[in-house]
Every structure is written in C-alpha cells, then in structure tokens.
K.L.:
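First the structure, which I've put down as structure tokens, then a few questions once you've had a look.
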Amino acid sequence: MQFDTLITNANIATMSETFGYTKDTPYGAIHGGVVGIKDGKIAFVGTMDELGTATADKIIDAKQGWLTPALIDCHTHVVYGGNRSNEFEMRLNGVDYKDIAKQGGGILSTVKATRQADFDELYELSLPRFKSLVSQGVGTIEIKSGYGLDLDNERKMLKVAKKLGDDFGITVKKTYLALHALPPEYQGRADEYVKQACEWLKVLHDERLVDAVDAFCESIAFDAHQVGRLFEVAKSLGLPVKLHAEQMSDMGGAGLVAEFDGLSADHIEYLSTDSIVKMAKHGTVGVLLPTAFYVLKETKLPPIDAMRQHGVKMAVSTDCNPGTSPSTSLLLALNMACTLFGLTPEEALAGTTIHASKALGLQDTKGRLLVGMDADVALWQIDRPADLSYLIGQNRLQGLWVAGRQVGR
Ligand code: NIG
Ligand code: FE
C-alpha cells in the first residue's frame with residue numbers, strides 16, 4: 001500500500017472501541033504500531049506486522065513515543081481584546097467575581113476592549129493564545145463570540161476565529177454567544193436584547209459564520225426562558241446548541257440544553273440529578289472546565305460520579321477567557337481534571353479527544369485514531385498516556401498533523 005505519511009515505531013492511544021477502548025484495553029492502545037495517512041485521512045492503524053509491505057512519501061520514526069488523536073479544545077473564548085489582570089488583583093484583594101461583574105467589570109470590560117479593537121488588532125491579540133493552544137497538540141478549537149454583543153462586533157469576532165483556523169490549517173468551530181452578558185446600551189431591557197440577538201443570529205447564520213449557538217444561563221446573565229427563546233431560533237435554523245450552565249447556581253440550564261438535543265452543558269458544578277438524567281437521555285456531553293473552577297476558587301465539585309453512573313460523557317476544556325480562565329494550556333486542564341475533579345488520566349484524555357469531538361458534533365470524523373477518520377494526530381515523547389495528565393508544565397509534543405498536514409513541531 002502507498003501512503004502519504006507513515007508514522008512507524010509508535011505506541012498508539014487510539015481511543016477507539018475497535019481496539020478495545022472501554023472494553024478490555026485501556027486507551028485502546030496498540031504497542032509497536034503504525035499509523036498510515038493518505039489524502040488527509042487515516043488509512044491504516046495497526047502493528048508493524050499487520051502492515052506488511054508499504055511505501056510512503058514520508059516516513060517518520062516515532063521512536064516509541066505515543067500517538068494520540070490530536071487534542072480537541074471544545075470550549076474557548078480565545079478571541080477577545082484587552083486583559084483583566086487588574087480584576088485578578090481585585091479578587092485577590094477580596095472582591096468577588098459577581099461583584100466585579102455588577103460594577104461593569106468582568107465580561108463587560110472585555111466587551112469594551114473587544115469593540116475598540118478593529119479586525120486586524122483583534123486578530124493580532126488573539127494570535128498568541130491560538131498558537132499556544134496549538135503548540136500543545138490541539139488540532140481542533142471551538143471559539144465563541146460573546147464579547148461583541150452587537151451585530152458588527154459579534155461578526156468581527158467570528159471572522160477572526162475563522163481566519164485563525166484558515167491561516168494555520170487548524171479546525172475551528174465558531175459558536176455564537178451573544179447571550180453572554182447584557183450590553184450597557186440594553187440595561188433594563190434584557191428581553192429586547194434577546195430579541196435582537198435572535199435576529200443577529202439569523203444574519204450571521206446566512207453569512208455562514210455560525211456552527212453552533214451558546215448562552216450563559218446564570219443569575220448574572222440570562223435565565224432559562226430567555227435562553228429557550230434563542231434556542232428555538234437556533235433549532236429553526238438547524239444549528240446545534242450548547243450552554244454555560246450551572247456554573248454558580250442551578251438554573252436548570254443543563255436540562256434545558258439537553259431537551260434541545262444540545263451538544264453540551266458546560267461548567268456544571270451545580271448540576272442536578274434531574275438534569276443529569278436528561279443529559280444521558282439526549283446524549284448531551286458534560287464539559288468540565290477545571291481551570292475556571294480553580295481561578296474562581298469554587299468549592300462545589302461537578303457531580304462526576306453521578307455522571308459516570310448515568311453514562312453522561314465528559315469532556316475537558318480550557319475555557320480560555322480573560323476572566324475565569326486566562327490559560328491556553330489544555331494539558332494543564334487535563335492535570336486539573338484529574339487532581340481537582342478526580343477523573344482518571346484515561347477519562348481526561350477521552351475528555352479532550354473522543355468525548356470532546358462529540359461535544360462539537362464531530363464524533364464521526366475526529367477524536368479517535370481509526371481508519372477513515374481525519375488524520376488529526378499528535379505525537380508525544382512520553383512513556384505512557386497518563387504522562388499527559390501527570391506532568392505539570394511540560395510540553396512533550398513532538399509533532400501535530402491535522403487532516404494529514406503537519407501543523408506543529
Ligand atoms: O466560561 N461563564 C461565562 N463565561 C466565561 C467567563 C467570561 C469572562 O469572565 O470573561 C466562562 O467562565
Ligand atoms: Fe466559557
């Protein structure tokens with residue numbers, strides 16, 4: 001067989017049931033394996049013996065390093081203007097996140113800075129964060145709007161997100177998050193804002209700038225009824241929904257997003273059993289954001305055991321944003337998901353591969369190493385997959401391929 005690229009002499013965490021993942025083989029692992037890539041897809045996964053004779057334009061010796069699916073960061077806000085280290089300092093002087101938000105800080109201070117930046121400035125400001133994620137093996141990134149809060153600025157954010165993906169050959173999924181905060185010009189007129197946000201969604205959808213629709217369902221943001229109105233519009237356009245839910249209180253948001261057959265409910269520290277049951281029924285993924293939990297010094301843990309028992313799939317993401325998670329390290333999120341939330345390293349890796357792909361509706365093409373899937377592959381110089389969660393502050397990435405093209409290291 002003829003390949004474009006062959007990666008030989010590798011250990012492979014396929015994360016695929018075909019190779020025993022979730023059955024009898026942790027990580028669906030293959031030792032002494034090969035991955036063959038052709039036309040942007042995975043064309044072979046197996047042992048050297050199974051491969052037999054083969055030729056390739058490029059042969060890479062993995063030197064017994066580990067191959068995993070390229071990581072997937074399924075919840076980010078990497079596109080934004082400004083910086084909120086001043087609020088970090090305020091919080092450390094005793095002011096809490098909700099009070100900062102009420103004083104016009106928080107999300108709204110980022111809205112101001114994001115509106116002020118023109119397209120090129122916003123791109124330049126977002127670029128180092130984007131590159132930093134990619135440098136740690138991330139091949140698919142979800143990027144939300146939500147700091148524009150008017151039609152032109154939401155559009156600007158989504159276009160910057162698209163350009164970042166196009167320029168670097170990274171898969172970017174663009175999410176419309178106009179219901180993130182109430183902009184100052186709509187103070188006291190939340191319902192009117194929701195109505196406008198629904199109209200903007202139709203426009204941006206027409207411009208092909210929206211892959212999914214998100215909102216922030218919380219006492220300091222929008223209630224379940226308002227979110228439901230937006231979701232109805234998303235549904236009528238055939239767009240999938242997801243939700244910032246149960247981050248600071250139980251607003252029933254996770255149950256709501258599940259009832260819309262939503263992709264994911266994210267944060268979910270205050271998730272109820274009722275909502276877990278609905279998420280399980282509708283296949284809605286629970287997205288864990290341990291860095292935000294850590295930054296806010298939250299003490300309420302997401303109900304990991306209950307999600308396990310009900311078979312809710314769990315993803316792990318950076319939530320990269322200027323307020324609650326100024327981090328561009330998905331590897332750190334893996335470590336935190338284990339140490340703070342008690343995930344196993346295998347669950348954490350699944351949370352940034354197979355389950356993160358489901359959280360983006362990409363489960364048929366990404367998140368597993370299996371013939372026919374996109375050739376999104378990361379090569380790591382590690383002894384075993386648990387090192388990805390265990391090593392704090394070390395980046396062992398050796399190579400990153402997206403759709404068969406080498407995009408990193
Ligand atoms: O995911 N929860 C709402 N949105 C972000 C925070 C945004 C911000 O503080 O700028 C989050 O935590
Ligand atoms: Fe978020």
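When a ligand or atom number is given, it counts from 1 through the structure's own listing order.
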K.L.:
Under a 4.0 angstrom heavy-atom cut-off, which atoms of ligand 1 come close to Phe216?
P.N.:
2 (N), 3 (C)
K.L.:
Does Tyr123 have Lys163 sitting over its ring (NZ/CZ under 6.0 Å from centre, angle to axis within 45°)?
P.N.:
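Flagged: Lys163 positioned over aromatic ring of Tyr123.
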K.L.:
Any atom of ligand 1 sitting under 4.0 Å from a heavy atom of Glu218?
P.N.:
no
K.L.:
Between Tyr186 and Arg189, is there a cation-pi geometry (under 6.0 Å to ring centre, at most 45° from the normal)?
P.N.:
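Positive - Arg189 is close enough to the ring of Tyr186 and near enough to its axis.
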K.L.:
For atom NZ of Lys159, is the number of surrounding heavy atoms from other residues, nucleotides or ligands below 6.0 Å larger than 12?
P.N.:
no
K.L.:
Run Lys242 and Lys144 through side-chain contact (heavy atoms from CB on, under 4.5 Å) and show every step you take.
P.N.:
CA-CA 11 Å; Lys242 57 177 82 178; Lys144 301 173 195 297; 3.8 Å; yes
K.L.:
Could a heavy atom of Thr110 be found less than 4.0 Å from some atom of ligand 1?
P.N.:
no
K.L.:
In terms of residue, atom name and distance, what is the protein heavy atom nearest to atom 11 (C) of ligand 1?
P.N.:
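For this ligand atom, the closest protein heavy atom is Asp319 OD2, 3.2 Å.
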K.L.:
Counting non-hydrogen protein atoms only, what is the nearest one to atom 12 (O) of ligand 1? Give residue, atom name and distance.
P.N.:
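Looking at atom 12 (O) of ligand 1, the protein heavy atom closest to it is Thr324 OG1, 2.7 Å.
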K.L.:
Can you label the angle between the His244 ring and the His77 ring as parallel, tilted or perpendicular, going by 30° and 60°?
P.N.:
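Plane angle between 30° and 60°, so tilted.
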K.L.:
Using 30° and 60° as the class limits, which term best fits the ring planes of His75 and His267: parallel, tilted or perpendicular?
P.N.:
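Geometry flag for His267 against His75: perpendicular rings.
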K.L.:
Set out, in order, the CA-CA distance, both residues' side-chain angles and the distance that settles side-chain contact (heavy atoms from CB on, under 4.5 Å) for Met336 and Phe341, then state yes or no.
P.N.:
CA-CA 7 Å; Met336 287 183 169; Phe341 294 170; over 6 Å; no
K.L.:
Nearest 10° is fine: what angle sits at the Fe ion (ligand 2) between NE2 from His75 and OD1 from Asp319?
P.N.:
80°
K.L.:
So, of the N/O/S atoms that His244 has, which is the nearest one to the Fe ion (ligand 2)?
P.N.:
NE2
K.L.:
For atom 2 (N) of ligand 1, what is the closest protein heavy atom, and at what distance to 0.1 Å?
P.N.:
Gln247 OE1, 2.8 Å
K.L.:
Counting from 1, what ligand 1 atoms have a heavy atom of Arg84 closer than 4.0 Å?
P.N.:
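Counting atoms of ligand 1 from 1, those under 4.0 Å from Arg84 are 8 (C), 9 (O), 10 (O).
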K.L.:
Return the closest protein heavy atom for atom 10 (O) of ligand 1 as residue, atom name and distance.
P.N.:
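Its nearest protein heavy-atom neighbour is Tyr147 OH, 2.6 Å.
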K.L.:
May I ask you to check if ligand 1 and His267 share an N or O to N or O distance below 3.5 Å?
P.N.:
yes
K.L.:
Between His31 and Trp66, is the ring centroid distance below 6.0 Å?
P.N.:
yes
K.L.:
Run the ring-centre check on Tyr27 versus Tyr21 and record whether the distance is less than 6.0 Å.
P.N.:
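Ring-ring flag for Tyr27/Tyr21: false, centres at least 6.0 Å apart.
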K.L.:
Can you list the atoms of ligand 1 that are under 4.0 Å from a heavy atom of His180?
P.N.:
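So the atoms of ligand 1 that pass are 3 (C), 4 (N), 5 (C), 7 (C).
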K.L.:
Heavy-atom contacts with His75 under 4.0 Å: which atoms of ligand 1 show up? List them by number with element.
P.N.:
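Near His75, meaning under 4.0 Å from one of its heavy atoms, ligand 1 has 1 (O).
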K.L.:
Around atom 9 (O) of ligand 1, find the nearest protein heavy atom and jot down its residue, atom name and distance.
P.N.:
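The closest heavy atom on the protein side is Tyr97 OH, 2.6 Å.
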